[in-house]
Structures are given as C-alpha cells and as structure tokens.
Number of protein chains: 2
Amino acid sequence: MMIAFITLCMGVAGIGIIFTLIMQRLLNQRTNSDEKSARIALLIRQGAMTFLRQEYTILAIVIFVAFLILGHIFSRAAGLAYVAGALSSMLAGVIGMRAATRANEATTVAAKNEGERAAFITALMGGSIMGFVVASLGLIGLGIIFYLFYGTAYDMIKIFTCYGVGASSIALFARVGGGIYTKAADVGADLVGKVEMGILEDDPRNPAVIADNVGDCVGDTAGMGADIFESYVVSVVSALALAVSQYANNLVYITLPIVLCAIGLVASLVSLLFFFKFATKVETFLQKTTYSAIVLFILGAFAYLYAFNIDMNLFGSIALGAFAGIIIGLATDYYTSGSPIRKLAETSKTGAGTNLIYGLSIGFESVVFPVCAIAIIVFVSHTYFGGLFGISLAAVSMLATVAITMTIDGYGPIADNAGGISEMSGYGPDVRKITDKLDALGNMTAALGKGFAIGSAVLAALAVFATYCQEAHIPHLDLFNAVVIAGFFIGGTLPFLISALTMRSVSRAAWKMVLEVRRQFSEIKGLLEGTAEADYARCIGISTRAALIEMLLPGFITIASPIIIKIAFGAQGNMALGGFLAGATLTGVVLALTMANAGGAWDNAKKYIEAGNLGGKGSDAHRAAVVGDTVGDPFKDTSGPSLNILIKLMSMLSLLLAMM
Amino acid sequence: MMIAFITLCMGVAGIGIIFTLIMQRLLNQRTNSDEKSARIALLIRQGAMTFLRQEYTILAIVIFVAFLILGHIFSRAAGLAYVAGALSSMLAGVIGMRAATRANEATTVAAKNEGERAAFITALMGGSIMGFVVASLGLIGLGIIFYLFYGTAYDMIKIFTCYGVGASSIALFARVGGGIYTKAADVGADLVGKVEMGILEDDPRNPAVIADNVGDCVGDTAGMGADIFESYVVSVVSALALAVSQYANNLVYITLPIVLCAIGLVASLVSLLFFFKFATKVETFLQKTTYSAIVLFILGAFAYLYAFNIDMNLFGSIALGAFAGIIIGLATDYYTSGSPIRKLAETSKTGAGTNLIYGLSIGFESVVFPVCAIAIIVFVSHTYFGGLFGISLAAVSMLATVAITMTIDGYGPIADNAGGISEMSGYGPDVRKITDKLDALGNMTAALGKGFAIGSAVLAALAVFATYCQEAHIPHLDLFNAVVIAGFFIGGTLPFLISALTMRSVSRAAWKMVLEVRRQFSEIKGLLEGTAEADYARCIGISTRAALIEMLLPGFITIASPIIIKIAFGAQGNMALGGFLAGATLTGVVLALTMANAGGAWDNAKKYIEAGNLGGKGSDAHRAAVVGDTVGDPFKDTSGPSLNILIKLMSMLSLLLAMM
C-alpha cells in the first residue's frame with residue numbers, strides 16, 4: 001500500500017509539471033511587446049542560453065567521467081543515477097531560465113499596457129515555473145529510484161546518494177559560474193558606467209548592461225534553482241538513508257520523506273492558486289502565500305502522521321523544521337532591511353571606511369541568531385523528537401514547500417530585469433515606477449530566500465553528516481582524537497580558500513569588463529551621445545568566458561579535497577573526513593551568513609540613500625555606500641552562495657566515499 | 001633533585017629580572033632630551049599611565065569578585081592564585097609600558113644625537129624589558145606555585161588553573177580595552193587630520209595625535225604583553241596538568257614544561273646579548289636574534305632530554321612546536337608584505353571597492369597555511385611523539401623563547417612612537433628618516449609577532465582543551481552527538497559576535513573622536529596655523545573612557561557564555577561545553593587570522609603607495625588604499641587580537657568549570 005503512496009506522490013509531481021506547462025503557455029500568450037523591448041529581451045535570452053549551453057558542454061565532460069568512475073566502483077545503475085541527478089538539475093535550470101527570460105519581457109509589457117497587478121502576476125508566473133519545476137522534478141526523480149530499486153538486490157541508498165551527488169556537482173558549477181558571471185558584469189558595468197561616466201543603472205549606452213541582465217538570470221535564477229534543487233534532493237536522500245537504518249523495512253517511515261515533499265508541493269500549489277484568485281494587494285502577497293503554504297503543509301503533515309499512526313514525536317521535528325525556515329528568513333530580513341540599514345547608511349556620512357566597518361559588523365552579528373537557531377533545532381529534534389532521523393526530517397520539512405519559496409526567489413530577478421528592459425526600451429518613468437515597486441517587493445523576499453537557502457543547506461548537510469557517520473561505521477567521532485582535530489582544522493580553512501578564490505575571480509573578471517567598457521566608450525563614436533549602439537556581445541563574451549574558466553578551480557578543489565583527506569589519512573581516513581566535514585560545515589555556514597547579510601545590508605543601505613535620504617544620489621554618503629555595495633556584490637552573490645553548495649556537496653561526496 | 005631544578009629555573013627567572021633592571025637603568029641614563037620632546041614624551045607617558053590606572057581600578061573589582069567566588073568554590077589558595085595571576089599580568093603591563101614610554105623618548109634622542117645604530121639599540125632595550133619581564137614573571141609565578149603546592153593536600157592543578165585564569169581574564173580586558181583605545185584614536189585622528197584637513201600623520205596640530213601615540217603603547221605594548229603572558233602561562237599549566245595525569249609522580253616529566261621555559265629564557269638572553277655585542281647590521285638583527293634563540297633552545301632542550309633520559313619522542317614535539325612559530329610567522333609575513341601587497345596596491349587603482357575585495361581575499365587565503373600547519377603539528381605530535389602531552393609540549397616550546405619574541409614585538413611600537421615624537425618636536429627630516437627605517441624594520445617583525453600570537457593561542461587553547469576533556473571525565477566528545485553539535489554551532493558564532501561588538505565599539509569611539517577633533521579645529525583659533533596648541537587631554541579622555549566602557553560588554557559575554565552553556569545543558573553541560581569550545585576555537589582562529597592578515601596587508605599596501613609607487617601620496621590609488629587601511633585598523637588591532645584571548649580564556653574557564 002505504501003508503494004501506492006509513492007505512485008500518488010509522483011502523481012502530485014505530475015500535477016506540478018502540468019501547472020508549469022500551463023504557466024508557460026499563459027506566459028507565452030502574454031508576450032506581446034513592441035520591437036524595441038522584444039529585441040532587448042531577445043539579447044538577454046540569447047546571452048543566457050548561450051552561457052547555459054557552453055556551461056553544460058563543459059559539465060557534460062564532468063558527468064561522463066563521473067559516470068564511468070561511479071559505474072566502475074559501484075554499479076552501472078549508480079552511475080546512471082548520478083547522470084539522472086545531474087540532468088534533472090540541468091533541466092530545471094534550462095526550464096526555469098527560459099521561463100524567466102520570457103517573463104522579463106512579459107512583465108515589462110504588462111507594466112506598460114496593463115498596470116501594476118498584471119505585471120506582478122506575470123512576474124510571479126515566471127517565478128512559479130522555476131519553483132514548481134524544481135519541486136516536481138526532484139520528486140519524480142526520487143520516486144522513480146524508489147520504484148525501481150526498493151526491495152531489489154541493489155543498495156537503494158547508494159543509488160539515491162549517487163543521484164544526490166549528481167545534483168550537487170552540477171549545483172556547484174552552476175552557483176560558482178553563475179555567481180562569477182553576474183558579478184563580473186555588475187561590478188564592471190557599475191565601475192565605468194555609474195562611477196566614471198555618471199550614467200544610470202540599466203542605461204542602454206552602457207556596453208555591459210545586457211551582460212548585467214543576463215547575469216541576473218544565470219546567477220540569481222539558474223544558480224539559485226540548482227542550489228535549492230540540491231538541498232531538496234540531498235535532505236530527502238539523507239532522511240531516506242536514516243529511515244532505512246532506523247526503521248528497517250517499515251515502509252510507512254521509509255516513504256515518509258517523499259510523502260512530506262508531496263504534501264509540501266500540494267500545499268504550495270493550493271496556496272499560490274488561492275492567492276492568485278483572491279489576493280487584492282500585491283504588497284503582502286508574497287509573505288501571505290509563503291506563510292499559508294507552510295501552515296497548510298504542517299496541517300497536512302499532522303493529518304498524515306495521525307492517519308497512519310506514525311510516531312507523533314516526529315511531528316515536532318517536522319513543525320520545527322518548517323517554522324525554522326521562516327525564523328531564519330526573518331532574521332536575515334532584519335539585518336538586511338531593518339534598523340541596522342539606517343545606521344549603516346548613517347555611517348556612510350563619514351566615508352567608505354566607516355561604512356565598511358559597520359557593514360562587516362552587521363554581517364558578523366547576523367550569524368548569531370540563525371546558527372543558534374539551527375543548533376537548538378538539532379538539539380531539540382534529536383533529543384526530544386526523533387534522533388538523527390528527526391534532524392533529517394526537520395531539513396526535509398524546511399524544504400518541502402520549496403515550490404513556493406523558489407517561486408518567490410525566481411520572482412525577484414524577473415522584476416529586476418523588467419525594470420532594466422523598460423529603461424533600455426525608453427518606456428518612461430511611469431512604467432519604471434511600477435517595475436521599481438515590484439523590484440522592491442522582491443528585495444524583501446530575496447533576504448528570506450537567501451536565509452532559507454543557507455538554513456536548509458546546513459540542516460541538509462547535518463542530516464547527511466549523520467548518515468555519513470552511520471555509513472562510515474565510525475563508533476565515535478571524538479573531538480579529542482588528534483586525527484579528528486587535524487581534519488577539523490583543515491576542513492575549517494576550506495570555505496576561506498574557496499571564498500578567496502571566488503572573490504578574486506570576480507575581481508579579475510570585473511577588471512577585464514572595465515577595460516572593455518572603457519575601450520568601447522573611447523572607440524565607438526557617438527556611444528555616449530546615444531547615436532551609436534554598444535557592442536553588447538563582447539561584454540557578454542567576457543562574462544561567459546570568465547565564468548566558465550574561473551569556476552573550474554574552486555569546483556575541483558571542493559570535489560578533490562574530501563578524496564585527498566580520505567586517502568592521506570589512510571586507515572583513519574573516515575575519522576579525519578568526519579572532522580573535516582564538521583569543520584567545513586561550521587566555518588562554511590558562518591562565513592556564508594556573514595557574506596550574504598553584509599552584502600544585503602550594503603546593497604539596501606545604498607538603495608536607502610538613493611531613495612533620497614542623507615543627501616541622496618551623488619552625495620558623499622552615496623559614494624561611500626556605493627563602495628560598500630561593490631564589496632557586497634561578490635559577497636552576497638558569488639562567494640557566499642558558493643559556500644552553501646560546498647558544505648552540501650562535500651558531505652554527499654564523503655557519504656559516497658564512506659560507502660565504497 | 002627535580003625540585004632543585006625548579007629552584008634553578010627560578011634562579012634563571014631572577015637573572016631575567018636583573019637583566020630588565022639593568023636595561024631600565026641604562027635606558028633612564030639615555031633619556032637626555034630637550035624640553036620639547038621631553039614634554040611630548042611626558043604627555044604620552046602620563047596618558048598611558050592614566051589609562052592603565054583607571055583600567056586597573058575597574059579590574060580590581062573584577063579580581064576581588066573572582067577571588068571571593070573562587071575562594072568559595074575551591075579554596076582560599078585557589079582564590080589567591082587567581083589574584084597572583086591577575087597581578088602578575090598587570091605588573092608585566094605596567095613595567096613594560098613604563099619602559100616603552102621611556103624608550104620612545106630615548107630612541108628619538110638617540111636618533112637625533114647618535115644616529116641609527118644607537119637609536120635601534122635603544123628601542124630594542126625598551127622592548128627587551130617587556131620581553132624579559134613577561135617571561136621571568138611567568139616563570140616565577142609558576143615556580144612558586146609548584147614549590148608551595150606540589151605534594152600537598154591541595155590539588156596543584158586547580159591552583160595552577162586559577163593562576164592561569166587570573167592571567168587570562170586580565171589579558172582579555174587589556175586586549176579589548178587597549179585595542180579600542182588605540183583604534184579610536186588612530187581612526188579618529190586620520191579621518192579628520194589626514195582626510196579632511198590634509199595634514200600629515202603625527203602632526204602636532206592634530207588634537208588626537210597624543211592619544212594616537214598613547215594608543216600604540218596601551219594597545220600594541222600592554223595589550224600584546226598581556227596576550228602573550230597569558231599564552232605562556234596557559235600552555236605551561238595545561239602541560240603540567242597532562243603530565244601529572246600521564247606520568248603520575250614522575251617528577252622528571254612533571255617539571256619538564258617549567259624547565260623548558262627556563263631553557264628558552266636562557267637561550268633568549270644569550271642570543272640577545274650576543275647580537276648586542278657582535279651584530280653590525282641592524283637590518284638583519286631582529287631575524288637573526290630570533291632564529292638563533294630558537295636554535296639554542298632546541299639544542300638545550302635536546303641536551304636536557306638526553307641527560308635526564310627522557311623519552312626522546314617528546315623531542316619531536318618540542319622541535320615541531322619551536323619551528324612552527326617561525327613557519328606561521330613567515331606565512332604571515334608573506335601575506336602582509338610579499339607579492340600579495342603589490343597586487344593589492346595595484347587594485348587600489350580602480351578604487352576602494354576593488355582594494356577591499358582583494359584585501360579580504362588575501363585575508364581569507366592567509367588562513368589556509370597556518371591552520372593546516374597547526375593541524376599537522378597536532379596530528380604528528382599526538383600520533384608519533386607524545387599523545388596529548390606532546391601537543392601541550394609543542395605549545396610550550398613555541399612560547400619558550402617568548403622573551404625574544406616579545407622583545408621584538410615591543411620594539412615595533414617604540415620605533416613607531418619615536419617617529420611621532422621626532423615629528424612633533426620638529427626634529428626635521430634626517431631624524432625622521434632614521435626613525436622611519438627603524439619603524440619599517442619593526443613592521444616586518446610585527447607580522448611575525450602577530451602570527452606567533454595567534455599560533456601560540458591556538459596551540460595553547462588546544463592543549464587546555466585536551467586537559468578539559470580529561471578533567472571533565474567525558475569519555476567521548478562525539479561530533480554526532482546532538483548536544484555536542486548544538487554546543488559546537490553556538491560556540492562557532494561567539495567570535496563573530498565579539499568581533500561585531502568590538503568593531504562597532506571602535507566605530508562609535510572613533511566617531512566621538514572625529515567630532516571632538518573637528519570641534520577643536522573650528523573653535524581653537526590659530527590651531528591649524530600652528531600658533532595655538534591643541535587640547536590633547538580631551539582626546540585622551542575620549543579614548544580612555546570609550547575603551548573602559550566598551551571593553552565591558554565583550555568581556556562579560558566571553559566570561560559568561562561558557563558558564564551559561566554549562567548550566568543550560570544541565571547534566572550534559574560538559575559535553576555541550578566541549579563542543580562549544582571546539583566551535584569557538586575553530587572560528588576564532590580562522591577569523592583572527594583573516595583579520596590580522598587582511599589588516600596587515602591593507603596597512604602595508606598603503607605604505608607601499610606612500611613610498612611613491614602607483615602615484616604616491618594624494619593619488620586616487622592612495623585614497624583607495626587609505627579606505628582599506630581604515631577597515632584594516634580595527635581588524636588587525638582590536639577585533640582580531642581580542643579573539644586570541646577569547647579562545648584561551650574560554651578554554652581555561654571551561655577547565656575550571658569542569659573541575660568544580
């Protein structure tokens with residue numbers, strides 16, 4: 001009977017897919033733009049797709065090699081599961097990005113022809129395609145593996161792990177590459193355009209402007225999608241593994257993680273459709289939809305546990321995990337848009353130095369609450385609700401409503417890009433005002449999304465860590481064992497190394513972009529006057545090449561280091577690797593939070609000043625705030641997010657190594 | 001017979017004290033300045049002593065309360081040991097600072113009247129007083145406790161621990177308070193003086209200039225002295241504790257840590273006197289003296305181990321620890337003065353944003369080598385050379401030559417201040433050239449000193465951590481125990497919280513200083529023209545008050561948090577506290593290294609540009625580099641160093657809690 005439930009779950013996923021197809025069709029009907037905006041949207045779409053194509057070509061090699069290795073070590077089925085995980089992640093990226101680039105244009109047109117609400121709904125439709133594709137594809141992949149391998153001679157958990165590693169490895173490159181792409185373009189465009197030439201953001205005379213908009217798509221949409229897809233898959237895989245070992249063949253418990261995801265998907269869909277139909281105000285739409293989806297999920301989970309007579313202690317973990325996402329998100333929101341922002345803006349009056357000191361101190365402080373919250377969740381879940389399985393269920397529950405959180409995450413860059421397209425198409429201040437408002441709504445929830453991405457990454461990584469300790473057959477992972485301590489310290493340095501590399505990559509790529517933009521301004525006659533057109537393609541080419549080349553080193557270090565540790569410590573490899581994971585997870589999460597929140601704070605302090613406070617645009621305070629924002633850009637969009645993947649991928653790889 | 005060796009060790013400490021007295025007398029004879037420089041030196045001396053007096057008045061309350069609590073919980077002897085540790089640290093601070101403020105003046109005079117070599121030797125004499133006082137007082141304190149309590153009914157290790165906690169708690173306030181004092185003055189002086197008024201560093205017209213010079217004394221001299229004194233005491237205490245439990249009553253092993261310190265003190269003294277007598281070039285003096293002291297120490301330790309038939313495996317740990325200090329120092333030197341500096345200076349050409357991104361990436365990367373080196377030392381010491389005792393011996397050995405390292409650390413701010421006094425006294429460019437050169441020599445070795453302070457802090461903390469695990473009777477400190485993980489994550493956030501608080505303290509205090517300096521420039525007629533004198537005392541008062549008030553919160557959080565964790569987790573308090581310590585130590589060391597090295601890099605990149613590269617002073621690149629330096633100031637001199645103490649103090653406190 002429980003296997004029939006898996007069929008039902010896949011049916012739910014099928015409904016999710018059908019929903020995205022309908023959304024896609026509605027969106028295509030809405031795209032009805034004039035020649036100018038159509039051309040700009042096309043440039044962005046082409047740039048984004050070109051990047052994805054080239055990125056995926058490189059990744060095809062990685063996937064092929066991994067297939068051979070995993071097939072050789074485990075089984076051909078394991079190798080294929082890896083390929084399936086990787087392809088699912090890529091497919092989610094392509095579908096989400098196509099939708100986003102369409103929705104950009106449609107949102108602009110809607111803002112011009114139909115007004116605020118229509119534009120808002122259009123942008124949200126675009127985001128929902130990414131959200132529901134991520135959730136549905138994940139559920140389908142997990143369900144199929146369960147179907148095919150449960151009760152067979154194959155070790156199902158190994159197959160699942162390979163599927164998860166497939167998703168993880170793609171996510172790493174997507175996040176790092178996308179992050180470098182977007183910030184090279186953004187910083188390059190700003191340094192010459194805003195600072196040297198004094199032209200506005202999204203001015204079509206800036207040669208890097210299209211690359212900047214493409215960057216929003218490949219970084220914020222495709223990168224974030226791959227990141228969350230990975231968290232989703234990884235947390236379910238670890239919960240399955242723990243369920244199998246903790247509840248033997250009790251199918252009610254083993255299928256629980258997958259069923260929870262299905263419940264979350266239904267809750268998300270119901271909530272979104274309800275507010276599509278009945279919500280009147282756009283201002284509170286995003287929050288209300290999120291909260292109601294989470295409440296629906298919790299109610300559904302309770303009903304399911306009750307109906308199937310499942311240990312009600314587990315419900316505690318589920319509720320805790322589901323609420324924790326909101327709590328961490330709210331903390332992020334406070335540090336990146338609450339009172340700290342006004343104080344940060346104040347410090348800009350004494351220059352960039354004080355702005356930076358204060359911004360960093362906000363980033364540092366913002367670590368405390370979310371990490372302590374995670375510590376308490378882990379402790380309470382484990383001690384009172386369900387042991388290690390409880391921790392992994394908390395992670396699954398935080399991610400169960402991923403469809404709605406990713407919808408809102410996808411909404412942000414669409415609204416942002418719509419503003420860019422309207423600016424470049426010369427649609428005037430009325431249209432821009434609408435898109436600016438939509439963009440501001442997106443910024444509020446982007447903080448929520450980022451906190452959520454980090455929170456879920458840590459919980460997922462911890463769940464995998466627990467599975468690792470079980471699979472590696474380490475009776476004790478003693479912190480006063482010298483091997484564990486050595487691994488622990490070495491692991492703790494890795495997030496710092498990867499951050500150094502990615503920040504420097506952005507710095508190098510942005511520098512190339514600066515040179516190219518300067519060259520175009522000096523060599524293309526009439527560019528600044530608006531009579532000649534910039535050579536956008538060259539700037540897109542610079543970002544694309546930089547991203548593809550620069551993503552390789554951090555990617556390979558991340559993949560190679562657990563393997564090196566395992567080999568270097570020989571017979572004690574699993575112990576050292578356990579310490580290594582613990583160290584990397586801890587410093588990874590604190591550094592990721594610092595970067596995400598300091599970056600967000602600088603960004604919003606700058607926007608606060610640009611809104612006319614403290615002298616507004618062009619004042620000394622604004623100049624200082626722009627410096628803070630420049631530092632914050634790679635923090636929040638490149639290095640910080642890369643660490644989310646790093647901690648998940650390394651724990652998945654270690655789990656795989658432990659199974660060898 | 002071994003007890004006779006302790007007598008011998010205290011004899012060595014006595015020689016160290018006599019040496020400092022001779023140095024002090026020689027220094028007093030050399031102070032022969034004209035009225036102008038004498039007056040400035042007096043202002044600095046008075047400012048520094050006023051600060052110490054007020055700080056110590058507040059700390060007297062802390063000490064008294066701690067005495068009552070410890071006396072109540074343990075024994076009156078334990079309470080007195082705490083007081084002795086605290087007073088030794090304070091005494092070392094007073095003596096070292098008096099010497100430094102005398103030496104400032106004497107060095108200036110020597111540079112004016114006698115030339116480079118004499119000035120160099122004078123500054124070094126000043127530094128050596130701090131260095132040898134720290135080493136000798138530590139040795140005497142440890143020796144007396146050994147004498148009084150070994151073989152008595154008292155638990156000697158408890159008494160030693162209380163002595164160490166005394167030193168630790170004073171160090172915390174000295175470091176945090178001194179760090180805030182110096183950077184409030186420095187940043188405040190620079191922001192108005194250099195940036196707004198366009199006057200040079202150390203210009204006597206700047207009202208904050210004396211406070212800035214006082215800050216160098218209380219932060220770099222007294223703060224650093226208390227920090228290293230603490231490391232020294234703490235590492236010996238943990239080694240003693242481990243020796244007692246590992247070697248029962250075998251006195252040869254139990255006395256070994258103290259004997260090693262005495263050997264290190266002799267090696268330092270011999271090396272310093274040798275080079276005083278025979279060295280001809282000042283350029284290589286500092287390095288040569290350090291290296292030769294370490295080599296002498298290793299030879300002496302080998303001879304001792306051989307003569308007393310001590311397990312030669314321990315020699316491996318001793319050599320490893322002694323060399324590790326140099327290796328970590330050299331890595332620090334590379335990141336703060338090698339090729340990264342030139343690249344960092346290059347990035348200043350595109351503005352403050354790129355300078356900051358690159359500087360942070362240097363800081364992040366600089367973590368990798370030292371921390372991995374420590375991991376390898378821990379692993380190798382433990383596995384091949386001597387178990388937990390091996391780790392603690394490595395820590396003791398790194399610190400055994402503390403007299404010479406502190407001498408060189410003390411030298412730096414003296415040379416720096418001598419430049420300031422000569423500038424303010426109007427001694428002209430020839431004298432300034434000499435002091436600038438001496439200052440540059442100090443900067444090179446300051447990097448060494450900072451790396452050494454962090455490296456020794458981590459090793460000492462790890463040694464205490466090992467002792468903690470033993471005393472807390474935790475059979476396993478399992479990283480997959482939910483209680484340990486919870487403590488681990490909470491602990492990992494603490495260094496970030498303390499850094500946020502201290503950075504904000506500097507920011508707030510600097511802001512008050514800016515307002516006061518601006519006020520003086522606008523209200524005191526003739527100040528900018530040089531016809532009226534600034535009101536230095538008010539600026540000194542601002543720094544003093546800010547430091548004393550702002551040091552309290554971070555101090556109490558650091559002291560309270562292990563206690564809260566222990567109580568909050570009830571029966572599992574010791575487990576949670578173990579995880580907490582591990583987390584705090586890891587994030588503490590990586591954050592401290594990032595801050596120290598990024599700060600050093602920014603400072604030196606600015607100096608590189610000021611030396612005439614890339615457009616020199618007043619260029620755009622210089623302005624960008626100044627912003628980086630402003631951010632680096634609290635990084636390297638306030639928040640970063642505070643973390644050294646944090647990780648040591650919390651582990652000592654936890655050890656004490658475990659003994660309850």
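Sequence lines set the chain letters: A, B, ... in the order given, protein chains first and strands last, and positions in each chain run from 1.
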Tested for side-chain contact (heavy atoms from CB on, under 4.5 Å) against B:M595, the lone hit among B:S642, B:P634, B:P495, B:S499 is B:S499

Heavy-atom distances under 4.5 Å only: say whether [X] touches chain A with side chain, backbone, both or neither.
X      : answer
B:I357 : both
B:V458 : side chain
B:Y358 : side chain
B:F569 : side chain
B:A466 : neither

Indicate whether any N or O donor in one side chain lies under 3.5 Å from an N or O acceptor in the other, for B:S639 and B:T502. yes

Using the six-membered ring wherever Trp is involved, compare the ring planes of A:F364 and B:F496 and label them parallel, tilted or perpendicular (cut-offs 30° and 60°).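 Judged by the thresholds at 30° and 60°, the geometry between A:F364 and B:F496 is perpendicular.
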
Taking the six-membered ring for Trp, are B:F488 and A:F488 parallel (under 30°), tilted (30 to 60°) or perpendicular (over 60°)? tilted

Checking [X] against chain B: side chain, backbone, both or neither under 4.5 Å from a heavy atom?
X      : value
A:L191 : side chain
A:V380 : neither
A:I376 : neither
A:F635 : side chain

Answer whether the closest heavy-atom distance between the side chains of B:I328 and B:I454 falls below 4.5 Å. no

To the nearest 0.5 Å, tell me how far A:S507 OG sits from B:L360 CG.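 Rounded to the nearest 0.5 Å, the OG-CG separation comes to 11.0 Å.
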
Which salt bridge (charged side-chain N to carboxylate O under 4.0 Å, His left out) pairs, counting each pair once, include a residue from residues 489-508 of chain A, with sequence neighbours left out?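 Qualifying pairs: A:R504-B:E365, A:R508-A:E550.
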
Looking at A:T630, A:T354, A:V589, A:V590, which makes the most heavy-atom pairs under 4.5 Å with chain B?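 If we count pairs closer than 4.5 Å to chain B, A:V590 comes out on top.
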
